[in-house]
Amino acid sequence: MNSVNKFEMQNKQMSFDQVFSQAEICKVEARNPIIGVSPKFVLALQLARKCSTCSSNVFIGGESGAGKEVFAKYIHETSHRKNGPFIAINCSAIPENLLESELFGHAKGAFTGANDKKVGLFEEAENGTLFLDEIGDLCLSLQAKLLRVLQEKKIKRVGENQYRSINCRIISASHKNLMTEVNEKKFREDLYFRLNVIPLNVPPLRERPEDIMLLADFFLNKFIKENKCGSKYFADEAKTYIQTNPWRGNVRELENAVERAVILSSGPVIHRLDFEVNFGTEALSKVTTVSDRAFTMSYSGHLPSLSDVIHSYIVFAVNTNNGARDKTAKDIGIDRKTLYRRLDLA
């Protein structure tokens, strides 16, 4: 059974243990498990699987945080190049004057500070895959040089006249619409068609509602193991929050939110409140209306601790309910013991 079929589940209500088990099986084939059962996701995974059988250039589109690099690694790790290196570079993260050296390498003395020769990423990715993330941010001069490399399969280090043959697969990605960039003369049309031999689009998380809890449970188990914090599970109100939150940052935002909730939660139950804690000055000074009263928290100098914020909110909630602690615990989605313990911390 190939990895695509493993995720084409007829029963969309499969337990997480079953899904997680299949993800573990997928690890044997690709060290970065890809989890999802939604139709758009499965179609993307099927195309990625087909990409792994060839050496053509692949362009992966999708919003930031949707998992473009995960798909790039999957294609690499299921291809005949899997024993070669997977080299990734974010083209927007390196200054323009250094990016050429990073990609192509440089000779000793090629420029000020070049005290030794440097092997570029194209050479480092020999017999493997070079992943050019955020390719849409590449400057036009480097776009021209990259086009020549793709055409001739040769690179020239900065400060050298010698051409070196390369043998690596190119997978590129961008959150931008490159066709729009081409029309606006910000991206070379000839380079676009060189890179976009096989286009693959990773759907945003909002278009994969069936996958949200699968991913949340996977991240929950991941961070429980990493932090050695014992068994934890999501309360019902936390699950509702996870499933209804827009997740504008996609899978990356969901992963970060689950990690934070695992660390901040008290006891085995993760509540909605564990997701909604904000640390910024603006968030702490914001007034949130509850019935006809408001919860505010003022401070001067140093930011209050997280425990202080949570305690102040619980005190406010108890006062709003005229001292009814059991009702307050139910209203704010925590168990009675947690509420009593939080109050006793003062």
Side-chain angles (χ1 to χ4, degrees), residues 30-32 47-61 68-69 71-174 178 182 187-200:
R31 291 186 292 275
N32 298 274
L47 181 55
R49 180 62 180 173
K50 291 180 180 178
C51 292
S52 68
T53 63
C54 65
S55 293
S56 301
N57 296 335
V58 179
F59 174 75
I60 304 177
K68 297 187 290 295
E69 185 168 348
F71 267 80
K73 288 179 179 178
Y74 175 83
I75 293 171
H76 168 77
E77 292 169 359
T78 55
S79 73
H80 68 276
R81 294 178 179 270
K82 62 184 177 183
N83 293 324
F86 177 88
I87 306 294
I89 182 172
N90 188 321
C91 297
S92 65
I94 300 176
E96 181 180 327
N97 61 330
L98 298 178
L99 187 55
E100 182 176 2
S101 172
E102 285 293 318
L103 290 172
F104 308 126
H106 64 250
K108 181 178 180 180
F111 49 83
T112 302
N115 299 322
D116 294 293
K117 69 177 182 180
K118 175 182 173 60
V119 175
L121 298 184
F122 274 97
E123 291 181 80
E124 287 188 21
E126 186 72 10
N127 297 319
T129 301
L130 178 60
F131 176 55
L132 302 174
D133 197 9
E134 298 304 345
I135 191 73
D137 292 331
L138 201 65
C139 65
L140 288 170
S141 61
L142 275 180
Q143 289 180 30
K145 293 178 180 179
L146 177 59
L147 176 63
R148 179 170 291 275
V149 170
L150 297 180
Q151 289 173 335
E152 300 180 358
K153 304 295 184 182
K154 294 180 180 180
I155 59 102
K156 183 172 67 172
R157 294 178 183 173
V158 177
E160 284 188 353
N161 292 321
Q162 176 186 357
Y163 282 91
R164 303 169 185 270
S165 297
I166 57 167
N167 177 22
C168 65
R169 183 183 198 168
I170 304 299
I171 300 178
S172 56
S174 178
L178 286 194
V182 169
F187 201 85
R188 294 179 61 109
E189 184 176 33
D190 45 6
L191 177 59
Y192 170 76
F193 288 115
R194 279 281 180 180
L195 294 171
N196 198 38
V197 176
I198 302 178
L200 189 158

Minimal non-hydrogen separation, [X] against [Y], with atom names:
{"X": "His76", "Y": "Pro85", "answer": "CE1-O, 3.4 Å"}
{"X": "Phe131", "Y": "Ser172", "answer": "CE1-C, 4.2 Å"}
{"X": "Asn90", "Y": "Ser92", "answer": "OD1-OG, 2.6 Å"}
{"X": "Val197", "Y": "Asn57", "answer": "CB-O, 3.3 Å"}
{"X": "Cys54", "Y": "Ile198", "answer": "SG-CD1, 3.9 Å"}
{"X": "Cys168", "Y": "Leu130", "answer": "SG-CB, 4.3 Å"}

At what distance, to the nearest 0.5 angstrom, does [atom1] of [X] lie from [atom2] of [Y]?
{"X": "Ser79", "Y": "Tyr74", "atom1": "OG", "atom2": "OH", "answer": "11.0 Å"}
{"X": "Ile155", "Y": "Phe122", "atom1": "CD1", "atom2": "CZ", "answer": "8.5 Å"}
{"X": "Lys82", "Y": "Glu77", "atom1": "NZ", "atom2": "CD", "answer": "10.0 Å"}
{"X": "Lys68", "Y": "Ile60", "atom1": "NZ", "atom2": "CD1", "answer": "8.5 Å"}
{"X": "Ser174", "Y": "Phe187", "atom1": "OG", "atom2": "CZ", "answer": "8.0 Å"}
{"X": "Leu132", "Y": "Leu99", "atom1": "CG", "atom2": "CG", "answer": "9.0 Å"}

More than 12 heavy atoms of other residues, nucleotides or ligands under 6.0 Å from [atom1] of [X]: is that the case?
{"X": "Glu96", "atom1": "CD", "value": "no"}
{"X": "Gln151", "atom1": "CD", "value": "yes"}
{"X": "Asn161", "atom1": "CG", "value": "no"}

Going by side chain to side chain contact (heavy atoms under 4.5 Å, CB included), name the residues that satisfy it together with Tyr163, two or more places apart in sequence or in a different chain. Lys154, Lys156

Is there a donor-acceptor pair under 3.5 Å between the side chain of [X] and the backbone N or O of [Y]?
{"X": "Ser52", "Y": "Arg49", "answer": "yes"}
{"X": "His106", "Y": "Asp116", "answer": "yes"}
{"X": "Asn196", "Y": "Val58", "answer": "no"}
{"X": "Gln143", "Y": "Arg188", "answer": "yes"}

With Lys118, which of Glu124, Glu100, Glu102 fulfils salt bridge (Lys or Arg N to Asp or Glu O under 4.0 Å)? Glu102

[Y] and [X], any side-chain heavy atoms less than 4.5 Å apart:
{"X": "Ser101", "Y": "Arg157", "result": "no"}
{"X": "Leu150", "Y": "Leu191", "result": "yes"}
{"X": "Thr129", "Y": "Lys73", "result": "no"}
{"X": "Leu142", "Y": "Phe104", "result": "yes"}

Side chain to side chain donor-acceptor pair (under 3.5 Å) partner of Asn167, the single match among Glu126, Glu123, Arg81: Arg81

Using the rule given for side chain to side chain contact (heavy atoms under 4.5 Å, CB included), can you reason through Leu178 versus Ile135, listing the C-alpha separation, both sets of side-chain angles and the distance that settles it, and then say yes or no? CA-CA 9 Å; Leu178 286 194; Ile135 191 73; 4.0 Å; yes

